Amino acid sequence: MLGTPVSDRRLDILERLKDPCAHFPPQRCGDLAEDGVTAHAVAVALGVPHRVAETDLTLLARIGLLRTRYVRRRMLYRRDEMRIAEVARMFEKGW
C-alpha cells in the first residue's frame with residue numbers, strides 16, 4: 001500500500017507527524033505531541049482537500065502506523081512508533 005505513486009504523500013504525513021509541533025500550528029483540542037493532529041491540519045499543511053488527507057490518515061491508521069484518539073469530538077492522529085519500528089524491521093529482514 002505504501003508503494004503506490006500516491007505513497008509520497010503518505011510518507012510525508014508520517015514524516016511530519018514525527019515532530020507535529022514543528023509542522024502544525026497549535027490546535028484548540030488536544031496537545032499536538034501527546035494527542036495528535038486533526039485531518040484538517042494535515043490537509044492544510046499538505047495543501048490537499050480535507051477528504052484526501054482524511055483518506056490517507058484512515059489508511060495509515062488501518063494498517064497500524066497511526067493511532068487515533070477522539071478529543072472534543074474530533075479525531076486526532078499520531079504515529080504508532082512501536083508499530084512503525086516493527087514494520088521497519090520486517091523490511092530490513094527482507095519480509
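Because the structure is a prediction, the values reported are computed rather than measured. Below, all heavy atoms of this structure are taken into account, side chains as well, without hydrogens, waters or symmetry copies. Counting begins at 1 with the first residue of the sequence.
With sequence neighbours left out, D12 forms a salt bridge (charged side-chain N to carboxylate O under 4.0 Å, His left out) with R16. Remark: T68 engages A61, M75, Y77 in a side-chain contact (heavy atoms from CB on, under 4.5 Å) (not counting sequence neighbours). For R62, there are no salt bridge (charged side-chain N to carboxylate O under 4.0 Å, His left out) partners at least two apart in sequence or on another chain. Not counting sequence neighbours, R28 has no partner by the salt bridge (charged side-chain N to carboxylate O under 4.0 Å, His left out) test. In this view, E34 satisfies the salt bridge (charged side-chain N to carboxylate O under 4.0 Å, His left out) rule with no residue, not counting sequence neighbours. Residues that satisfy the side chain to side chain donor-acceptor pair (under 3.5 Å) test with R51, not counting sequence neighbours, are E54.
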Taking only distance into account, with no hydrogens and no angle test, what donor-acceptor pairs under 3.5 Å do side-chain atoms of residues 35-47 form with protein atoms, sequence neighbours excluded?
unit_1: D35; atom_1: OD1; unit_2: R69; atom_2: NH1; d: 2.5
unit_1: D35; atom_1: OD2; unit_2: D31; atom_2: N; d: 2.8
unit_1: T38; atom_1: OG1; unit_2: A41; atom_2: N; d: 3.1

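Annotation: salt bridge (charged side-chain N to carboxylate O under 4.0 Å, His left out) contacts involving residues 36-47, sequence neighbours excluded, are absent.
If you chain together ILVMFWY residues whose side-chain heavy atoms come under 4.5 Å of each other, L76 ends up grouped with V71.
Within the model, atoms NZ of K18 and CD of E81 stand 8.0 Å from one another, a figure rounded to the nearest 0.5 Å.
Contact check on R89 versus E92 returns no salt bridge, with no Lys/Arg side-chain nitrogen under 4.0 Å from an Asp/Glu carboxylate oxygen.
Applying side chain to side chain contact (heavy atoms under 4.5 Å, CB included) to R79 and the options I13, L60, I84, L65 leaves one that passes, I84.
Using a 4.5 Å heavy-atom threshold, the side chains of L17 and R78 count as separate.
Hydrophobic clustering, with ILVMFWY side chains joined whenever heavy atoms are under 4.5 angstrom apart, groups L66 together with F91.
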